There are 2 protein chains.
Amino acid sequence: MYTIGKLSKSTGVTVRTLDYYDEIGLIKPSSKTSGGHRLYSEDDVMRLERVLALKYMGFSLEQIRDILENSTANWQESIQHQLELVKREQERLKMLEQALLGVSYSIEFEGEINWPIIFSMIKLYQQDPGDALKPYEEYLNEDEMKRIMDMNAAQMSEEDIKEWLKVVGDIRNNLHLDPNSDKAEQLVISWADQADKMFGQDEELLVNMWEALQNLQEGIAFYPMNKDVIDFIKRVAIAKEGETHGS
Amino acid sequence: MYTIGKLSKSTGVTVRTLDYYDEIGLIKPSSKTSGGHRLYSEDDVMRLERVLALKYMGFSLEQIRDILENSTANWQESIQHQLELVKREQERLKMLEQALLGVSYSIEFEGEINWPIIFSMIKLYQQDPGDALKPYEEYLNEDEMKRIMDMNAAQMSEEDIKEWLKVVGDIRNNLHLDPNSDKAEQLVISWADQADKMFGQDEELLVNMWEALQNLQEGIAFYPMNKDVIDFIKRVAIAKEGETHGS
DNA sequence: TATAAAACAACACGTTACGTGAGGTTCAAG
DNA sequence: CTTGAACCTCACGTAACGTGTTGTTTTATA
């Protein structure tokens with residue numbers, strides 16, 4: 001027979017918790033002293049251990065009571081249900097992590113909070129990615145939008161994202177460069193490589209997104225590119241074309 | 001200017017929620033009618049959108065208030081902190097999923113709830129795997145225990161687990177077989193293959209766990225094997241050895 | 001313009017799983 | 001028998017609202 005204090009020490013749960021479990025009828029001590037102090041039997045301890053195990057598995061105290069009362073009836077059902085909840089929560093956390101990373105990148109990159117991009121990102125990771133891509137609907141067909149969504153869902157590696165941010169950032173910091181210079185060409189080549197890695201498998205998608213970007217100035221799909229970057233790339237491309245034709 | 005009902009409809013948050021945000025000073029309407037009805041300006045709407053975005057990212061309302069007051073001071077810090085929380089929660093859910101799967105398997109397998117195994121499993125996925133492996137400490141050294149923990153942490157694929165359960169289950173259902181029969185030999189070969197896949201890279205570990213199992217009758221490391229299964233395997237092995245020697 | 005219907009404000013209690021006291025009672029050691 | 005530790009019961013607080021209730025304001029209609 002354990003007093004409540006002994007039981008508390010041996011199991012690590014607080015006295016208040018045992019108090020509460022008694023109060024809600026989850027674990028009632030099987031006997032009491034004449035003075036009213038609670039005495040827990042070995043069976044009670046066993047029940048407590050089971051409660052703690054089920055609690056660890058994420059069940060609410062009410063569910064636990066049901067599970068322990070209804071004996072072994074539909075354990076599997078409860079567990080499968082709980083598993084689904086856990087999986088859904090994992091999905092949610094994955095998206096949350098992506099959104100947080102995205103916001104972190106965007107702040108690091110712009111030095112300030114770009115709320116429209118944050119909203120787009122969150123919408124993209126929420127249930128309604130259609131909303132986030134609405135600005136593009138003039139330029140992309142449904143299939144292409146789906147591909148963009150999948151691409152984001154597939155969780156591009158942190159390396160890829162950082163590489164992309166670096167490439168575009170390099171351009172942003174060098175917009176003044178002479179389009180004919182080697183450095184400018186290098187930057188655009190790096191950019192093209194990376195763009196190819198990310199969108200390369202579909203030439204038409206790339207072209208359409210390019211179209212979209214020229215008119216939208218900025219957007220989530222090509223983030224953090226903006227009009228300035230696009231203009232720079234175009235200038236360099238034209239310069240190079242001229243050079244080729246000239247030679 | 002939006003009335004509270006209009007704002008509620010256009011953003012999807014309930015009136016009660018807006019009521020609450022007003023109450024705690026998170027979003028106070030910038031004006032009111034003479035009769036006291038709340039009127040929300042465009043700025044208020046913007047603030048609400050930001051609040052919702054931050055809420056989606058997992059911040060508490062108090063944190064949100066701080067973040068929005070302190071302007072862009074330490075956004076990165078908040079976000080990194082939040083990211084860490086998210087990652088920790090993901091870890092927790094991964095373990096929870098493993099524990100639930102383990103319990104599910106064990107019920108499916110035994111047709112009843114094997115509490116000791118459940119406790120072992122939970123301890124293994126909790127902070128104190130040492131406790132769960134304590135029964136083995138006579139037979140395994142610290143290094144080997146660590147390897148077992150790592151193996152579990154590495155999250156054996158569901159396929160592997162199911163295969164293992166099937167193999168051991170097959171044996172459990174055929175304990176009566178003649179050790180000299182082909183069927184018996186087949187079963188043990190399948191078992192040995194699977195055991196090799198799971199523990200194969202370390203011969204000594206396998207031997208020691210085998211030792212442990214012979215004395216412990218059952219345990220989490222080799223679950224769901226028990227004494228009967230071990231005896232069967234030994235019988236078949238001896239029979240085969242005899243056969244080999246006899247030929 | 002009067003009136004009914006809809007919207008709104010303000011208040012209050014409920015939710016989960018306890019934490020944190022306060023004030024009085026019982027137990028165990030000396 | 002005393003005293004200090006352990007214990008019991010009560011009660012309020014937590015986060016972010018949901019769900020009413022009552023009384024008031026606004027809006028639409030006759």
Side-chain angles (χ1 to χ4, degrees), chain A residues 1-41 44 47-68 82 85 89 92 96, chain B residues 1-41 44-45 47-68 78 82 85 89 92 96:
Chain A
M1 285 294 180
Y2 294 82
T3 65
I4 200 170
K6 297 292 181 189
L7 182 57
S8 165
K9 254 170 209 154
S10 77
T11 60
V13 309
T14 66
V15 170
R16 174 59 177 121
T17 296
L18 293 170
D19 199 12
Y20 181 63
Y21 290 170
D22 184 9
E23 187 183 327
I24 65 171
L26 184 58
I27 298 174
K28 288 203 167 299
S30 41
S31 55
K32 291 194 173 186
T33 67
S34 54
H37 285 196
R38 286 170 276 215
L39 293 174
Y40 292 88
S41 70
D44 296 334
R47 188 173 168 94
L48 173 59
E49 278 168 354
R50 295 178 177 189
V51 166
L52 296 180
L54 290 167
K55 199 151 78 79
Y56 176 79
M57 294 194 276
F59 292 102
S60 73
L61 296 187
E62 192 170 350
Q63 288 174 310
I64 291 175
R65 196 166 35 193
D66 288 356
I67 290 173
L68 289 182
Q82 191 67 16
L85 286 187
E89 183 68 5
R92 204 182 67 85
L96 217 164
Chain B
M1 285 295 181
Y2 294 82
T3 66
I4 199 169
K6 297 292 180 188
L7 182 58
S8 165
K9 254 169 209 153
S10 76
T11 59
V13 309
T14 67
V15 171
R16 174 62 177 116
T17 296
L18 293 170
D19 201 10
Y20 181 64
Y21 290 171
D22 185 8
E23 188 183 328
I24 64 171
L26 185 57
I27 298 175
K28 288 203 165 301
S30 41
S31 57
K32 292 194 172 188
T33 68
S34 55
H37 284 195
R38 286 169 279 211
L39 293 174
Y40 292 88
S41 69
D44 295 334
V45 176
R47 188 174 168 94
L48 174 59
E49 278 168 353
R50 295 178 178 190
V51 166
L52 296 179
L54 290 167
K55 199 151 79 80
Y56 175 79
M57 295 194 276
F59 292 100
S60 74
L61 296 186
E62 193 170 348
Q63 288 175 309
I64 292 175
R65 196 167 33 193
D66 288 356
I67 291 174
L68 289 182
S78 303
Q82 192 67 17
L85 286 187
E89 182 68 6
R92 204 183 68 86
L96 217 164

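For clarity, every value in this text was computed on a predicted model and none was experimentally measured. Every chain is numbered from 1, with letters handed out A, B, ... down the list of sequences.
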Tell me whether the side-chain N/O atoms of [X] come closer than 4.0 Å to OP1 or OP2 in [N].
{"X": "B:Thr3", "N": "C:dC8", "answer": "yes"}
{"X": "B:Lys55", "N": "D:dA15", "answer": "no"}
{"X": "B:Arg38", "N": "C:dC8", "answer": "no"}
{"X": "B:Thr33", "N": "D:dT26", "answer": "yes"}

Whole Å only: how far is the [atom1] atom of [X] from the [atom2] atom of [N]?
{"X": "B:Ile27", "N": "D:dC17", "atom1": "CD1", "atom2": "C1'", "result": "14 Å"}
{"X": "A:Lys6", "N": "D:dA6", "atom1": "NZ", "atom2": "C1'", "result": "10 Å"}
{"X": "B:Tyr2", "N": "C:dA7", "atom1": "OH", "atom2": "P", "result": "18 Å"}
{"X": "A:Glu62", "N": "C:dT15", "atom1": "CD", "atom2": "C1'", "result": "11 Å"}
{"X": "A:Leu39", "N": "C:dA28", "atom1": "CG", "atom2": "C1'", "result": "14 Å"}
{"X": "B:Gln63", "N": "D:dA15", "atom1": "CD", "atom2": "C1'", "result": "12 Å"}
{"X": "B:Lys32", "N": "C:dA9", "atom1": "NZ", "atom2": "P", "result": "7 Å"}
{"X": "A:Leu7", "N": "D:dC8", "atom1": "CG", "atom2": "C1'", "result": "16 Å"}

query: Within a radius of less than 6.0 Å around NZ of B:Lys28, do more than 12 heavy atoms belonging to other residues, nucleotides or ligands occur?
result: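 Atom NZ in B:Lys28 is crowded, with more than 12 foreign heavy atoms closer than 6.0 Å.
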Tell me which nucleotide among [options] gets nearest to the side chain of [X].
{"X": "B:His37", "options": "C:dT16, C:dA7, D:dT9", "result": "C:dA7"}
{"X": "B:Ile4", "options": "C:dC8, C:dA10, D:dT9", "result": "C:dC8"}
{"X": "B:Leu61", "options": "D:dT25, D:dC17, D:dC8", "result": "D:dC17"}

Which pair of non-hydrogen atoms, one from [X] and one from [Y], has the smallest distance, and what is that distance?
{"X": "A:Leu61", "Y": "A:Tyr20", "answer": "CD1-CE2, 3.6 Å"}
{"X": "A:Val51", "Y": "A:Tyr21", "answer": "CG1-CE1, 4.3 Å"}
{"X": "B:Arg50", "Y": "B:Leu68", "answer": "CB-CD2, 4.4 Å"}

message: I'd like to know if A:Glu62 and A:Arg65 make a salt bridge, using a cut-off of under 4.0 Å between side-chain N and carboxylate O.
response: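 No, this pair does not count.
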field: Between CZ on residue A:Arg38 and CD1 on residue A:Ile27, distance to nearest 0.5 Å
entry: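 Going from the CZ atom of A:Arg38 to the CD1 atom of A:Ile27 covers 11.5 Å.
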task: Output the residues of residues 14-24 of chain A in contact with DNA chain C, where contact means a heavy atom of the residue under 4.0 Å from an atom of the strand; sort by number or write none.
output: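 A:Thr14, A:Arg16, A:Thr17, A:Tyr20, A:Tyr21, in order of number.
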message: Which residue is it: B:Thr11, B:Thr17, B:Leu18? I am looking for the one with a side chain to side chain contact (heavy atoms under 4.5 Å, CB included) to B:Thr14.
response: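 Single pass found, and it is B:Thr17.
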